[in-house]
Structures are given as C-alpha cells and as structure tokens.
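Report on the structure given below.
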Amino acid sequence: MTLPQPGEPFVLVIATGGTIACTTDSSGARVPTLSAEELVTSCDASEPTRVYDSVLLDSSSMGLGDVDTLIALVSLALDDALISGIVITHGTDSMAETALALDLVQRDPRPVILTGAQLPADHPHADGPANLRRAIEMAADPLARGRGVTVHFGGDSLAARGLYKHDTDNRRAFALTAPMTLPRPAAVDPAPLARFNVPILRAWPGAGPELVDFTIDSGVDGIVVEALGSGNVSEEMGRALVRAAEADIPVVISTSVPSGEVSLAYGGGGGGATLAQHGVLSAGWLRAGQARMALLTALATGTDPRALLD
C-alpha cells in the first residue's frame with residue numbers, strides 16, 4: 001500500500017466486508033475478516049491510497065442504516081479536494097442496490113467505484129486483488145470523471161443504473177438490464193433512507209391477495225413487486241395492489257425477467273396496463289432491488305418517484 005505524500009492526490013478505499021474480505025473458517029464457511037488496509041496491501045496497487053473501514057458484513061446483511069452511513073462517508077470524503085476518486089469494496093449480493101443508492105445522490109464528477117469478489121481472499125485463485133487493483137487505477141484516472149457511480153468487476157466496468165447480478169459464481173458477475181448505458185436522472189440531495197419501510201413482494205402464477213393485504217395492514221411506506229413478464233401479476237394480487245395504491249401507498253412494478261424494460265402493456269385484472277390506470281408505477285429498466293432504492297430515495301427526499309424510476 002502506497003501512502004500519499006503531503007499535498008498529493010490519492011484514492012480513498014472504503015471497505016464494507018463482502019467476499020473480497022472473506023477468509024474460510026474451520027467449518028469451511030466464508031466469513032468477512034480482512035480490513036481495508038489488508039485488502040489494499042494484498043492487491044499491490046501502485047496509486048497512492050488511504051483506507052477507511054465502514055462495516056464488516058456479508059452484503060446480504062447490509063441494512064439501510066449502513067447504506068446511509070456509506071452515502072454520508074462518500075459525501076464527506078469528496079469535500080477533500082485531494083481525493084481523486086473513491087473505491088468501495090462490497091459484497092456482491094447487494095452491490096447493485098448500494099451502487100444505485102449512491103448514484104441517485106451523486107453530483108460530484110469524481111469517480112465512485114464499487115468492486116468485490118466471487119472467491120474469498122484465501123482461495124488460491126482469488127479474484128478480489130485484481131478487481132480492487134483495477135478499480136483503484138480507474139478511480140485515479142482523470143478520464144473516469146463524470147460517469148456517475150460504476151461497478152468494476154471481472155474486467156467489466158458498468159454503470160450503476162440497471163445493474164444486476166446475473167451469475168452466482170462467474171467472475172463476470174454483473175450485467176445491465178438494458179442494451180446500453182442508461183441516462184441518469186438529476187441527482188437529489190441525500191436524506192436518511194432507514195426511516196422508511198419498503199418491502200419487495202414476489203408475484204407467481206395464481207398468487208392470492210394475502211401478502212399484499214398483510215403488507216398494507218402493516219403500515220408500509222411503499223411496495224415494490226417483482227412481477228412476471230413485462231409487469232403482470234394474477235388478477236387477485238392485482239386487485240390487492242390497486243387497494244394499496246388507492247390507500248396512497250406507492251406501488252412500483254418490476255419484473256423477475258433479467259433483461260428488458262417493464263412496459264405495463266397488458267390488460268386484465270392483474271395486467272400491467274390495468275395496474276397503471278390505478279396509479280401503479282413502472283420500474284422501467286430497474287429490477288426489484290434497485291427499484292426499491294429508487295422508491296426509498298424518492299420518499300426520503302420528497303421527490304416524485306417517476307423522476308428516479310424513469
């Protein structure tokens with residue numbers, strides 16, 4: 001790890017845990033153990049860096065409070081003019097969600113890049129060091145400015161918007177739902193996400209209304225549905241979602257299909273077009289996890305959700 005000289009630009013590496021920080025315990029389970037300094041030292045990056053440990057979690061446990069902390073850390077760090085860019089090491093399970101949450105509030109042109117690993121640090125073919133080294137190189141590159149938040153992983157550099165994890169163990173783990181990089185909406189000012197409750201409900205053929213009705217009764221702030229096809233649910237589930245929308249609960253329809261836009265084109269009781277007539281919103285190109293982050297950000301900032309979903 002190369003520390004910057006006084007007055008020298010540097011890359012800040014913020015660690016949050018994930019597989020890149022994991023070692024294998026005596027039972028064979030992967031457990032996050034490595035610090036930011038250990039990660040940077042192992043990747044042999046030549047660019048000057050400083051490090052900060054935020055949390056040490058499997059990203060499936062990354063709560064909204066942890067995301068709020070990360071957003072605040074990035075905002076605070078970018079007040080330092082010597083920081084050329086920021087790299088965040090993160091688990092792959094929720095990397096796409098965190099990347100979008102950061103991107104929606106990112107106005108600074110300096111690069112913010114997330115990376116991680118599919119294999120633990122003590123694996124003989126660990127992919128984390130190469131991913132981190134390249135992410136640091138990109139964060140130090142003036143040509144990487146102005147692209148918003150990105151993910152560098154397995155040789156791919158992808159925009160946050162429309163990102164999803166498409167393979168459980170392939171080293172090229174991420175892809176975009178769209179055939180090209182999507183335009184970013186205007187950034188909004190950060191606001192705490194953790195005070196809002198937005199669950200994701202999964203649709204299936206013939207689903208009943210029970211989950212939606214329970215969710216309405218529990219006092220949620222919004223609902224995201226991982227629907228079928230281009231944004232369809234069963235007739236019974238559709239009627240329940242209409243009840244939610246009529247109760248002024250924002251409802252966003254995404255899809256379980258990996259690629260393509262949610263068009264809300266079909267009629268019938270649970271068809272996307274029928275739902276849209278009752279105020280249910282399309283997630284556009286965002287899959288359910290990212291649609292949830294967009295809706296949470298809209299609720300937290302008082303923004304029309306359409307501005308962050310479209």
Side-chain angles (χ1 to χ4, degrees), residues 1 10-23 30 32-60 62 66-67 70-71 73-74 77 83-103 106 110-121 123 125-141 143-145 147-176 181 290:
M1 180 172 143
F10 64 94
V11 174
L12 176 65
V13 177
I14 301 174
T16 68
T19 301
I20 192 172
C22 281
T23 53
R30 300 173 179 182
T33 57
L34 300 184
S35 68
E37 183 174 352
E38 289 170 313
L39 291 174
V40 174
T41 298
S42 71
C43 83
D44 198 28
S46 59
E47 287 74 14
T49 57
R50 291 195 184 277
V51 297
Y52 185 87
D53 290 292
S54 178
V55 292
L56 192 60
L57 295 173
D58 184 301
S59 72
S60 59
M62 195 87 170
D66 301 310
V67 175
L70 197 53
I71 290 171
L73 285 172
V74 169
I83 290 180
S84 54
I86 296 174
V87 172
I88 299 167
T89 60
H90 197 289
T92 58
D93 286 355
S94 63
M95 187 181 290
E97 286 88 336
T98 299
L100 186 71
L102 288 161
D103 192 57
Q106 179 64 10
R110 284 171 288 179
V112 176
I113 302 170
L114 281 75
T115 193
Q118 291 281 57
L119 297 171
H123 192 282
H125 304 293
D127 55 329
N131 285 343
L132 179 54
R133 181 169 59 251
R134 181 58 184 141
I136 292 172
E137 291 171 354
M138 293 175 63
D141 186 353
L143 295 179
R145 294 168 67 94
R147 299 178 184 175
V149 176
T150 60
V151 166
H152 177 76
F153 207 101
D156 296 321
S157 293
L158 301 168
R161 192 167 187 84
L163 188 76
Y164 72 102
K165 185 178 180 182
H166 79 103
D167 197 289
T168 58
D169 58 11
N170 192 295
R171 294 195 186 194
R172 298 180 68 182
F174 290 91
L176 296 175
T181 299
Q290 288 204 333

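Reckoned from all heavy atoms, side chains included, excluding hydrogens, waters and symmetry mates. For this chain, numbers begin at 1 and follow the sequence in order.
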H90 and M62: side chain to side chain contact (heavy atoms under 4.5 Å, CB included), yes or no, with the steps?
-> CA-CA 10 Å; H90 197 289; M62 195 87 170; 3.8 Å; yes
Partners of R134 by salt bridge (Lys or Arg N to Asp or Glu O under 4.0 Å), sequence neighbours excluded?
-> E137
Does D53 use its side chain to pair, donor to acceptor, with the backbone of A36 at less than 3.5 Å?
-> yes
Which heavy atom in L12 sits nearest to a heavy atom in A77, and how many Å separate them?
-> CD2-CB, 3.5 Å
Looking at OG1 of T98 and CD1 of I71, how far apart are the two atoms once the value is rounded to the nearest 0.5 Å?
-> 8.5 Å
Nearest heavy-atom approach of A139 to V11 is CB-CG1, 3.8 Å
Quick one: pull up OG in S42 and CD1 in I20 and give me the separation to the nearest 0.5 Å.
-> 7.5 Å
Can you name the closest pair of heavy atoms from H152 and A135 and give their distance?
-> CD2-N, 4.1 Å
With a 4.5 Å heavy-atom cut-off, do R147 and P111 have their side chains touching?
-> no
Contact check, side chains of T16 and D66, non-hydrogen atoms, under 4.5 Å = no
With sequence neighbours left out, what residues match A175 under side chain to side chain contact (heavy atoms under 4.5 Å, CB included)?
-> Y164, H166
Taking only residues two or more places apart in sequence or in another chain, which ones pass side chain to side chain contact (heavy atoms under 4.5 Å, CB included) with T92?
-> M95, Q118, F153, K165, F174
Residues that R110 engages under salt bridge (Lys or Arg N to Asp or Glu O under 4.0 Å), provided they are two or more places apart | D108
Please name all residues satisfying side-chain hydrogen bond (donor to acceptor under 3.5 Å, both in side chains) with D58, sequence neighbours left out, ordered by chain then number.
-> S60
Closest heavy-atom contact between A140 and E47?
-> CB-CG, 3.7 Å
Can you sort out the partners of D141 under side-chain hydrogen bond (donor to acceptor under 3.5 Å, both in side chains), two or more places apart, ordered by chain and number?
-> none
Can you tell me if T150 uses its side chain to pair, donor with acceptor, with the backbone of S157 under 3.5 Å?
-> no
Between L100 and R161, is any pair of side-chain heavy atoms under 4.5 Å apart?
-> yes
To the nearest 0.5 Å, tell me how far Y52 OH sits from I86 CD1.
-> 12.5 Å
Donor-acceptor under 3.5 Å (T115 side chain, T89 main chain) | no
Step by step, would you call I136 with I113 a side chain to side chain contact (heavy atoms under 4.5 Å, CB included)?
-> CA-CA 8 Å; I136 292 172; I113 302 170; over 6 Å; no
Heavy-atom side-chain proximity of T19 to L119 below 4.5 angstrom | no
Which heavy-atom pair separates L73 from S54 by the least distance, and what is that distance?
-> CD1-OG, 3.6 Å
Nearest 0.5 Å please: distance from the CG atom of L102 over to the CG atom of L70.
-> 5.0 Å
The side-chain hydrogen bond (donor to acceptor under 3.5 Å, both in side chains) partners of R172 (sequence neighbours excluded) come to D156
Could I get the full list of salt bridge (Lys or Arg N to Asp or Glu O under 4.0 Å) partners for D103, not counting sequence neighbours?
-> R184
N/O donor-acceptor pair under 3.5 Å between E37 side chain and R50 backbone = no
Is a side-chain N or O of S84 found less than 3.5 angstrom from the main chain of F10, in a donor-acceptor match?
-> yes
Residue set satisfying side-chain hydrogen bond (donor to acceptor under 3.5 Å, both in side chains) with T23, at least two apart, ordered chain then number -> T33
Nearest-0.5 Å distance, CG of residue L39 to OG1 of residue T49 = 11.0 Å
L176: what forms a side chain to side chain contact (heavy atoms under 4.5 Å, CB included) with it, not counting sequence neighbours?
-> L158, L163
Sequence neighbours left out, what passes side chain to side chain contact (heavy atoms under 4.5 Å, CB included) with E38? Give chain and number order.
-> L34, S35
Smallest heavy-atom separation, A101 atom then V67 atom, equals CB-CG1, 3.8 Å
Sorted by chain and number, sequence neighbours left out, ring pair (Phe, Tyr, Trp, His ring centres under 6.0 Å) with H123 holds for H125
Any donor and acceptor pair, going by atom type alone, linking the side chain of Q106 with main-chain N or O of V112 inside 3.5 Å?
-> no
Any sub-3.5 Å donor-acceptor pair from N170's side-chain atoms to A173's backbone N or O?
-> no
